[in-house]
Amino acid sequence: MSLGVDACVHEPTLLGTAGWIVLAALLLVVLLPARVGVAQGLLVVQGPWLTRAVRIDRLTSVSWPEGTSRRLILRDDEGSRAEVDLRVLLANPELWLRIEMGAHASRRRGTLTHGTADLARLSFRVDAETARCVFKVSGLQ
């Protein structure tokens, strides 16, 4: 669309065309959300160019930084790292439950050594948002 507008305003140039293509690619990266899936203890986050997988049943660290960060950062005992946006967890309670079950299994196994407070804080937040959504849908709010 940007190339069409540029062509209508003035004669397209090679540099201008390349600039619009780079801008469109940058917007694609920023605006295209990552796809997140869980299967048999494995969390997979697929971005536009990068796929990351974390064993949620062997987590070593769960981090949800306070402040402006809206991402849950997970690390496993193999050194893998993945980030999940909070909006994805709020929109998919089943995904959150699987991550939480994997974190509890990691804690029982003794591999989860960092981030239990962040996990509890995030659990409270997701449960509160889910309850708020249920109340809104049922007309109780």
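Computed from heavy atoms alone, side chains included, the values below leave out hydrogens, waters and symmetry copies.
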Student: For D76, does its backbone N or O pair with a side-chain atom of S80 as donor and acceptor, under 3.5 Å?
Tutor: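 No; judged by distance alone, with no hydrogens or angles, the pair does not exist.
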Student: According to side-chain hydrogen bond (donor to acceptor under 3.5 Å, both in side chains), who are the partners of R35, at least two apart in sequence or on a separate chain?
Tutor: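 R35 satisfies side-chain hydrogen bond (donor to acceptor under 3.5 Å, both in side chains) with Q46 only.
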Student: To the nearest 0.5 Å, tell me how far L122 CG sits from L86 CG.
Tutor: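 Going from the CG atom of L122 to the CG atom of L86 covers 6.0 Å.
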Student: Answer yes if L119 and V88 sit in the same cluster of Ile, Leu, Val, Met, Phe, Trp and Tyr residues linked by side chain heavy atoms under 4.5 Å apart, and no otherwise.
Tutor: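 Same hydrophobic cluster.
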Student: With side-chain contact (heavy atoms from CB on, under 4.5 Å) as the criterion, how do L72 and E83 come out once you've worked through the C-alpha distance, each side chain's angles and the decisive distance to 0.1 Å?
Tutor: CA-CA 5 Å; L72 175 67; E83 295 184 16; over 6 Å; no
Student: Given the rule that I, L, V, M, F, W and Y join up when any side-chain heavy atoms are under 4.5 Å apart, are V44 and L95 in one cluster?
Tutor: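 No, V44 and L95 fall in different hydrophobic clusters.
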Student: In chain order, what residues pass the salt bridge (Lys or Arg N to Asp or Glu O under 4.0 Å) check against R109, with sequence neighbours excluded?
Tutor: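 If we apply the salt bridge (Lys or Arg N to Asp or Glu O under 4.0 Å) test to R109, skipping adjacent residues, there are no hits.
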Student: Checking V84 against W96 for the side-chain contact (heavy atoms from CB on, under 4.5 Å) test, could you report, in this order, the C-alpha distance in whole Å, the side-chain angles of both residues, the deciding distance, and whether it holds?
Tutor: CA-CA 10 Å; V84 181; W96 165 247; over 6 Å; no
Student: How long is the gap from OG1 on T111 to CZ on R58, to the nearest 0.5 Å?
Tutor: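 These two atoms lie 8.5 Å from each other.
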Student: Would you say V36 ends up clustered with L89 if hydrophobic residues are merged whenever their side chains have heavy atoms under 4.5 Å apart, either directly or through other cluster members?
Tutor: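 Result: yes, single cluster for both.
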Student: As an exercise, state the distance from CD1 of I99 to OG of S123, rounded to the nearest 0.5 Å.
Tutor: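 OG of S123 is found 11.5 Å from CD1 of I99.
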Student: Which other residues belong to the hydrophobic cluster containing L14, where Ile, Leu, Val, Met, Phe, Trp and Tyr are joined when side-chain heavy atoms lie under 4.5 Å apart, directly or via other members?
Tutor: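 So far as hydrophobic clustering goes, L14 is joined with none.
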Student: Looking at T60 and L112, would you say the former's side chain and the latter's main chain have a donor-acceptor pair under 3.5 Å?
Tutor: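 Pair absent, no side-chain N/O of T60 close to backbone of L112.
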Student: Measuring from atom CZ of R132 to atom CG of L90, what distance do you get when rounded to the nearest 0.5 angstrom?
Tutor: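 If we round to the nearest 0.5 Å, R132:CZ and L90:CG are 10.0 Å apart.
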Student: Minimum heavy-atom separation for V45 and A82, please, with both atom names.
Tutor: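 Closest approach of V45 to A82: CG2-CB, 4.0 Å.
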Student: In Å and rounded to the nearest 0.5 Å, what is the CZ to CG distance from R55 to L74?
Tutor: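 CG of L74 is found 13.5 Å from CZ of R55.
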Student: So, taking the atom named CD in E129 and the one named CZ in R87, what distance separates them when rounded to the nearest 0.5 Å?
Tutor: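 It comes to 13.0 Å.
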Student: Of the non-hydrogen atoms in V62 and L59, which two are nearest, and what is the gap between them?
Tutor: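 Nearest pair, atom of V62 first, then L59: CG2-CD1, 3.9 Å.
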Student: According to salt bridge (Lys or Arg N to Asp or Glu O under 4.0 Å), who are the partners of R107, at least two apart in sequence or on a separate chain?
Tutor: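 Applying salt bridge (Lys or Arg N to Asp or Glu O under 4.0 Å) to R107 gives none.
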Student: Test of understanding: with salt bridge (Lys or Arg N to Asp or Glu O under 4.0 Å), list the residues that count as partners of R75, not counting sequence neighbours.
Tutor: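 Salt bridge (Lys or Arg N to Asp or Glu O under 4.0 Å) list for R75, sorted by chain: empty.
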Student: Answer yes or no: are there more than 12 heavy-atom neighbours, outside L26 itself, under 6.0 Å from its atom CG?
Tutor: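 Atom CG in L26 is crowded, with more than 12 foreign heavy atoms closer than 6.0 Å.
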Student: Which residues pass the side chain to side chain contact (heavy atoms under 4.5 Å, CB included) test with H114, sequence neighbours left out?
Tutor: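 Residues passing side chain to side chain contact (heavy atoms under 4.5 Å, CB included) with H114: S61.
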Student: Donor-acceptor pair, R121 side chain versus W64 backbone, under 3.5 Å?
Tutor: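 Flag set: sc R121 to bb W64 pair under 3.5 Å.
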